[in-house]
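Numbers restart at 1 for each chain; the letters A, B, ... are given by sequence-line order, proteins then strands.
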There are 2 protein chains.
Amino acid sequence: MKVVALIEAPCCSPGARPISTEAAGDLAARFKALADPTRVAIVNRLAGTDEVCVCRLVEEFELSQPTISHHLRLLREAGLVTSERRGTWGFYRLVPEAIAGLRNALG
Amino acid sequence: MKVVALIEAPCCSPGARPISTEAAGDLAARFKALADPTRVAIVNRLAGTDEVCVCRLVEEFELSQPTISHHLRLLREAGLVTSERRGTWGFYRLVPEAIAGLRNALG
DNA sequence: GACCTTCATTGACGATCATCAATGTTACAG
DNA sequence: CTGTAACATTGATGATCGTCAATGAAGGTC
């Protein structure tokens with residue numbers, strides 16, 4: 001697991017400065033986390049509320065619980081969401097700084 | 001090939017409204033275009049100049065010409081770049097509105 | 001203790017992806 | 001017309017991905 005800078009220099013809008021190979025790989029890795037419709041929908045869902053229970057995500061999306069868990073893991077590993085366990089339940093939150101970092105990268 | 005709205009409603013930052021399944025798939029498709037280090041680097045390269053010749057990209061990246069052509073095709077199909085042929089040479093340009101659309105989607 | 005619920009992990013499957021060599025296509029030069 | 005240069009396309013291969021069923025781990029209830 002790798003820690004990623006949250007503030008990102010623009011890379012992809014006109015006038016952007018050249019970026020390193022490492023930075024390109026770093027960015028691509030986080031864009032890849034959003035490269036699936038289900039994960040975009042999960043992020044969108046989390047963006048609408050403070051936190052959401054995994055059980056609710058499993059309800060709302062017509063996918064198996066392991067599949068939801070899998071997508072959540074990828075989002076978590078990309079630093080876009082955080083998880084917290086309270087008793088039996090698991091709750092996920094958006095990491096606004098991570099989204100902002102990607103936005104900055106785009107311009 | 002599908003025409004995609006260039007202006008995007010926020011989807012992934014706090015307070016974003018729920019988006020449709022179609023919109024999620026649409027966004028994911030364009031994020032997928034940026035989900036590869038080479039393609040991020042190409043977009044970054046195009047962002048630094050008005051237009052870039054394919055031959056130059058093949059020179060600069062240590063990849064075969066078909067591979068570069070493949071990545072350019074994906075970027076073009078995602079609407080992130082445009083191509084123009086002048087004689088034997090091919091030139092690619094960034095589509096700033098497409099990048100801006102993605103940025104808007106993120107917040 | 002035994003049992004149930006919630007979530008994560010594993011293993012397997014077909015599908016998609018990144019890459020390259022080989023080939024096709026188009027434009028220019030002689 | 002013959003050759004050459006620039007890109008695109010095709011076909012093949014190994015790697016990664018999305019999905020689910022089965023299983024594991026941990027918390028709560030009785």
Base, sugar-phosphate, or nothing: which does [X] touch, judged by heavy atoms less than 4.0 Å apart?
X	result
Leu74(B)	sugar-phosphate
Phe91(A)	nothing
His71(B)	sugar-phosphate
Leu63(B)	sugar-phosphate
Arg86(A)	nothing

Report the distance from atom [atom1] of [X] to atom [atom2] of [N], rounded to the nearest whole Å.
X	N	atom1	atom2	result
Ile68(A)	dT9(C)	CD1	P	15 Å
Leu72(A)	dT9(C)	CG	C1'	14 Å
Glu84(B)	dT26(C)	CD	P	18 Å
His70(A)	dC17(D)	NE2	P	8 Å
Leu75(A)	dA8(C)	CG	P	12 Å
Lys32(A)	dA15(D)	NZ	P	15 Å
Arg73(A)	dT6(C)	CZ	P	22 Å
Arg39(A)	dG18(D)	CZ	C1'	8 Å

Original post:
Is a side-chain donor or acceptor of Asn44(B) paired with a backbone partner of Ile19(A) at a separation under 3.5 angstrom?
Top reply: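 Yes.
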Subject >> Gln65(B) (side chain) and dA6(D) (base): donor-acceptor pair under 3.5 Å >> reply: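 No.
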Original post:
Where do Arg56(B) and Glu51(B) land on the salt bridge (charged side-chain N to carboxylate O under 4.0 Å, His left out) test, with the steps shown first?
Top reply: CA-CA 11 Å; Arg56(B) 179 170 290 269; Glu51(B) 64 181 13; over 6 Å; no
Original post:
Any side-chain N or O of Thr88(A) under 4.0 Å from OP1/OP2 of dT5(C)?
Top reply: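 Checking dT5(C) against Thr88(A), no side-chain N or O comes under 4.0 Å of OP1 or OP2.
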**OP:** Considering just the side-chain nitrogens and oxygens of Tyr92(B), establish if one lies under 4.0 Å of OP1 or OP2 belonging to dA6(D).
**Re:** no
Subject >> Closest nucleotide among dC7(D), dC20(D), dT9(C) to the Ser64(A) side chain >> reply: dC20(D)
Original post:
Which sits closer to the 5' end of DNA chain D, Pro66(B) or Glu62(A), going by the nucleotide each is nearest to?
Top reply: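 The residue closer to the strand's 5' end, by nearest nucleotide, is Pro66(B).
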Original post:
When you match Trp89(A) and Ala35(A) each to their closest nucleotide on DNA chain D, which lands nearer the 5' end?
Top reply: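 Its nucleotide being nearer the 5' end, the pick is Ala35(A).
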Original post:
Should we say atom CD of Glu62(A) is surrounded by more than 12 heavy atoms from elsewhere, each under 6.0 Å from it?
Top reply: no
Subject >> Spacing of SG belonging to Cys11(B) relative to CG belonging to Asp26(B), to within rounding of 0.5 Å >> reply: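 Separation between the atoms: 11.0 Å.
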Original post:
What's the shortest heavy-atom distance between Leu72(A) and Val81(A), and which atoms?
Top reply: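 In terms of heavy atoms, the two residues are closest at O-CG2, 4.2 Å.
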